[in-house]
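Okay, structure first, notes after.
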Amino acid sequence: MARRKDRHTDLGLKEEDLVEMYRIMLLARYCDERQWALNRQGKAPFVVPVSGHEGAQVGSAWAFERGKDVFCPYYRDLALALVAGFTPKDVFCGLFGKKDDPSSGGRQMPAHWGARDRNIITGSSPIATQCLHAAGIALGKKLKREDAVVGTWFGEGGTSEGDWHGAMNFAGIHKLPLILVCENNQYAISVHESKQVAGRVFERAKGYGMPGVEGDGNDVLVSYKLTKEAVDRARAGEGPSLIELRTYRFYSHTSDDDDRTYRSRDEVEEWRKKDPILKFEEYLKGVNIVDVATIDEMREAAKTDVAEGVKAADEAELPDPATAGLHVYADAEVS
Amino acid sequence: MARRKDRHTDLGLKEEDLVEMYRIMLLARYCDERQWALNRQGKAPFVVPVSGHEGAQVGSAWAFERGKDVFCPYYRDLALALVAGFTPKDVFCGLFGKKDDPSSGGRQMPAHWGARDRNIITGSSPIATQCLHAAGIALGKKLKREDAVVGTWFGEGGTSEGDWHGAMNFAGIHKLPLILVCENNQYAISVHESKQVAGRVFERAKGYGMPGVEGDGNDVLVSYKLTKEAVDRARAGEGPSLIELRTYRFYSHTSDDDDRTYRSRDEVEEWRKKDPILKFEEYLKGVNIVDVATIDEMREAAKTDVAEGVKAADEAELPDPATAGLHVYADAEVS
Amino acid sequence: MAEMTLIQAVHDTLAEEMRRDDRIVVLGEDVAARGGVFRATMGFLEEFGEERVIDTPLDECLIAGVSIGLALEDMRPVAEMQFADFIFPGFNQIVQEAARIRYRSDGDFQVPLVIRAPYGGGVHGALYHSQSVEAFFAHVPGLKVVLPSTPYDAKGMLIQAIEDPDPVIYLEHKKTYRSIKGEVPDERYTVEFGKAAVRREGSDLTCVAYGLMHHYSVEAAERLAKDGIDVEVIDLRSIYPLDMETVLTSVAKTNKVMIVYEDNKFLGVGAEVAAQIAENALFELDAPVVRIGGPHVPAMPYSSALEHWFLPDVDRIEQEMRKLAGY
Amino acid sequence: MAEMTLIQAVHDTLAEEMRRDDRIVVLGEDVAARGGVFRATMGFLEEFGEERVIDTPLDECLIAGVSIGLALEDMRPVAEMQFADFIFPGFNQIVQEAARIRYRSDGDFQVPLVIRAPYGGGVHGALYHSQSVEAFFAHVPGLKVVLPSTPYDAKGMLIQAIEDPDPVIYLEHKKTYRSIKGEVPDERYTVEFGKAAVRREGSDLTCVAYGLMHHYSVEAAERLAKDGIDVEVIDLRSIYPLDMETVLTSVAKTNKVMIVYEDNKFLGVGAEVAAQIAENALFELDAPVVRIGGPHVPAMPYSSALEHWFLPDVDRIEQEMRKLAGY
Ligand SMILES: Cc1ncc(C[n+]2csc(CCOP(=O)(O)OP(=O)(O)O)c2C)c(N)n1
Ligand SMILES: Cc1ncc(C[n+]2csc(CCOP(=O)(O)OP(=O)(O)O)c2C)c(N)n1
Ligand SMILES: [Mg+2]
Ligand SMILES: [Mg+2]
């Protein structure tokens, strides 16, 4: 019975992998719930939610080799950052603008992921710029004969910028080891996909001479499978791929947004039923990797990890204003 | 016999059309030859050649309705400008930087076509910017319920800029009456298509939700046919199209370039054999519209027209430096 | 006459103008269904329909370029850049195209285009939601750059911008959106570009500012007034055209001048103002020109402690005013 | 030691550096097969191969963004923008990314990137092949902006730029490419950024310039010298960092100063120089500061008569020098 439903073994995923993927999805979800609570309490002025995207992010990120491959994510990628080595404390240090925020030491808004030692390239707010950095890094890897693969993530809104077009084109021309992952949640803030993307995202791949596929981003195994195939091709020197993972964000765009002006409650409800975490739980139960008890245990453990992260971040120091003039240039402090 | 070979009647082209198309192609060619001669004589510091592109330009431009439709060309489009109403004198006034240059009164480099009264939108040097203007104009036409169609022309190099991507995307989303014509001559200055375009230009159309076709740009009738079908669709409210016309430029990129560093003489020779003017002559002879004598006559007439244009432009006035501060703003002269 | 916030003035004026002139089209990211992330176009989609209120793709190059096309078609596009910080993908279209089309065509074409953008810091926006961008655009001939800082000016200058046959960059300080309220006449009026406003008369020193900083400067001046030091505060309102006449008249009276701006100091607007003073009023001055501007740091950091370090505030302006007055 | 043109110095230095450091990669439009439209990378493809000499697609955003990626991988990209006028599609990547990456990551990442671009007018380049772009970039913290104007400096500053761990905008005046020749030592050396060069010593007035205009200024100064008027000419070379010390020292000596630049005057580099003089040397001045800059017109027109109207030339500089000297 279980055999018949087993989709992970063929993908080369072991039980430990699945459990860890599930754990990270839970961590991400609870980080998110916690940051919203902190926002309501007035303790976090700005929140970028991840809920709904955990399957797409954990599935796609898992296909990369940590410590070797390179991540160029965007702000939505909390769960991806956890895969790449962020801890809840790191996340909340960013949220509170603390000195220990690995991304920026409190200089950037929350959710602007980056950490050299975790191979996450520093990100900014301007949309899609990271796609070209990823292309440049992939070229660098190729020139240095390193067999690392580079991944870059973006929303379907990100595909509209010229930077995305340039990255697709350059990756296609030079057969770069680059995976472009679109987390298509159908909205860019309020703008619906139909006003954002002429045609379909994944269908653009062909025009850039690379394979393009789409899949259910709320299914972590599908997300993994499509990405893993692409990463394997890239590592084998067969060039870039575009992957469109269809998903949905459960909350407003950020804490500054109110999605009720542009999304019906019914639609949101509909998608909440396709929750990637619930979907994965069903699978894990189906193949007897977890049962109701382990799920409860793991959920509690994740909540505890998050709570401890919040506490540690809360106690961490704020950056010293005397450091605000540092790191403009390598060689000089400015004022 | 002639019937069998007749390709133009089905296209709705009459004999007068063909003769006029042929005449303009000749005019363009002789303008080009003349401007190179003037350059060698030191009388024209900067020349942008058209030779090789006459079929693509005249064929595609002919599909539009003059006085109603709008042209957003690029610098290579001398023959198109002639279709839209430029005279040889206009061309050479531009070449010499004369006051009567309809495009800019001597302010811009030669070949920066534009004239409100001929529905040619002013163009600049930065590549591909005109594609977005064309999209905006097409939107304007649509909002105003005018059934005009807008055309924009660019090289395959132009497809690399974000502006082109944006224009394709916006046209696709809003089903704009916009025709995007790529004159693919396989080089952007020295950069070969293989280093410029991942995939194929016309294949990108699908990813933007519009039809994309390619054809022999050195065949004026093919160029006309593909464009006419697209214009008809656009006028019927069926939205934009991308047309890739494959062609070749016979000379260097401009008079500042030397193509011997990047194109073999053999390759150039090969393409000269596919000269769109010779090809069209063969066709016209085949359908008995011209014979050797009329061809000679028409060639002489075109040469004379060009020579008269050069003379008139040569005699025309230079712009008055006292006007150089005008037209920065509508309301004030600046200094 | 009604009292309202600056953002309300922008919203109401734009709506009024759209009712008057159906050539006006609003376009940008989230301007339709969402009514703008700052609510500048709230309710527009319902009232004017989706042909005149257009949610564009996420591409500022497209927003600028399509707007230019609309303007060439004699429409009156009012484009919104969601944050001034995100205007740069459209820089090429604005600087090379919008600004140069009239000139390069010898007057044959024109681009009656308004680009609105919220700018400025002090709102926890960090590096990419706090920037001031006026200096980049004011350096470009062919553009006009205005920064209304009161609801009255917001209305008058927005109408002026829409009527202007040339491209206007109309910048709204985010922090003034809801914090600054003022009386706005019901009737239609324009505020001419290139006329600074003397917000506070004074004889001891001249303080030139604009945007949020002009409000801070007035506040600081009031503090000095309690000690009998009389500061004249000028709100430039428009950076190009720039009203140096008002500035120079004031300097001739006070003989001391400071310029306050939150943009990075180096090559910011204060540099041009100071330079023109050095060219035209050197011998009027009893003290060196003082500039207060943002430090040479890539925009404001997020963490409150760091943000405060960056942004000139009332205390610092007061301090510098006292120093200069006592020179 | 050999005499060579400025473009030759750029070419030879870049080749030398590529031989020394295989992290250096050259990329841009037409840099490979064509060797650059100004021949700056002639022969590079043959010598260094197509992995290190990359013809990019026609997309300056891509050129800047991919270069940033290479720099993040610890390569040493030297990107060419074919003309400075065409740098603007890459503006967002340069200003928002290259300039801010070190700061925003609290020093975790850096972008050792050189962007070379030919700039400047007087070559019949019209609006789009004549522009000066230094002011835009010098306004942006995180960038360095240099404009070598002699073959000696071209070499020393290019090596410095490549060694610099931060992004450097390295601008070469097209008209100096072949018209300016000079001695270039064979050995490797650097020219420090932020040190102006006094090109001609003098005691009667200070003329601050850079690029082509500094050559014109020296020429004009020589004319005045014949009449016993002694002009000190300073070549800034680097706009950020800016060597105001040398300028202020000179002004303290001559008590009169003019600034000459071909960029649009309003908010051009001369504005910052004049402002800093007004802040720091006001009472040293015996005459108002004089700025000679491009008129407020969207770049140089094509027709010779019009181009001449735009560009400051030796005659005009001489005239202004005489006026100022006689003040
Ligand atoms: C260049 C730029 N323009 C506009 C914005 C404002 N903005 C931030 S997120 C966003 C929507 C992005 O949507 P999408 O790419 O689909 O990602 P999602 O948030 O849906 O995951 C916009 C418009 C920005 N950050 N950068
Ligand atoms: C933004 C920009 N970058 C670079 C250039 C320099 N440039 C002028 S034409 C050209 C090549 C254009 O090639 P393509 O689009 O294929 O047109 P073709 O000349 O082959 O007809 C280049 C790189 C430019 N004009 N604008
Ligand atoms: Mg989205
Ligand atoms: Mg081409």
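Note that the structure is a prediction, hence the values are computed from the model and not measured.
In this structure the side chain of Ile94(C) never reaches within 4.5 angstrom of the side chain of Ile68(C), judged on heavy atoms. Counting heavy atoms from C-beta on, the side chains of Val251(C) and Asn255(C) never come closer than 4.5 Å. Residues Pro241(D) and Lys144(D) form a side-chain contact, since some pair of their non-hydrogen atoms from C-beta on lies under 4.5 Å apart. In this structure, the side chains of Arg102(D) and Pro298(C) stay at 4.5 Å or more apart for every pair of heavy atoms.
If you measure heavy-atom distances from Gln131(C) to chain D, the contacts under 4.5 Å come from the side chain alone. For Leu242(D), the part lying near chain C is the side chain, with the backbone staying farther off; criterion is any non-hydrogen pair under 4.5 Å. With a threshold of 4.5 angstrom between heavy atoms, Ala135(C) approaches chain D through its backbone and through its side chain. When heavy atoms are compared at a cutoff of 4.5 Å, Tyr128(C) approaches chain D solely by way of its side chain, counted from C-beta outward.
When Pro301(D), Ala299(D), Ala278(D), Ala274(D) are compared by the number of non-hydrogen pairs under 4.5 Å with chain C, Ala278(D) comes out ahead. Interface summary for chain C: among Ala271(D), Cys61(D), Gly270(D), the most heavy-atom pairs under 4.5 angstrom belong to Ala271(D). Annotation: maximal heavy-atom pairing with chain D below 4.5 Å, among Gly90(C), Ala138(C), Ala126(C), Gly142(C), occurs at Ala138(C).
Residues of residues 257-268 of chain D lying under 4.5 angstrom from chain C, judged on non-hydrogen atoms, are Asp263(D), Asn264(D), Lys265(D), Phe266(D), Leu267(D), Gly268(D) by number. Contacts with chain C (heavy atom to heavy atom, under 4.5 Å) involve these residues of residues 279-289 of chain D, listed by number: Glu279(D), Leu282(D), Phe283(D), Leu285(D), Asp286(D), Ala287(D), Pro288(D), Val289(D). Against chain C, the residues from residues 103-113 of chain D that qualify, each with a non-hydrogen atom under 4.5 angstrom away, are Tyr103(D), Arg104(D) in number order.
Here the CE-OG distance, from Met244(D) to Ser250(D), works out to 10.5 Å after rounding to the nearest 0.5 Å.
Between Phe86(D) and Phe83(D), the ring planes are perpendicular. Angles over 60° get that label, and only those under 30° would be called parallel. Relative ring orientation between Phe91(D) and Phe136(D) is described as perpendicular, the plane-to-plane angle rising above 60° on a 0-90° scale split at 30° and 60°.
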Practice problem: Take Val290(D) and Glu320(D) through the side chain to side chain contact (heavy atoms under 4.5 Å, CB included) test and state the conclusion after the steps. | Solution: CA-CA 8 Å; Val290(D) 171; Glu320(D) 295 286 339; 4.0 Å; yes
Practice problem: Take Tyr240(D) and Phe193(D), measure what ring pair (Phe, Tyr, Trp, His ring centres under 6.0 Å) needs, and give me the verdict at the end. | Solution: CA-CA 8 Å; Tyr240(D) 197 92; Phe193(D) 294 164; over 10 Å; no
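Identified under the salt bridge (Lys or Arg N to Asp or Glu O under 4.0 Å) test for residues 121-133 of chain D, with sequence neighbours left out: none.
In this structure, a donor-acceptor pair under 3.5 Å is absent between the side chains of Thr254(C) and Glu232(C).
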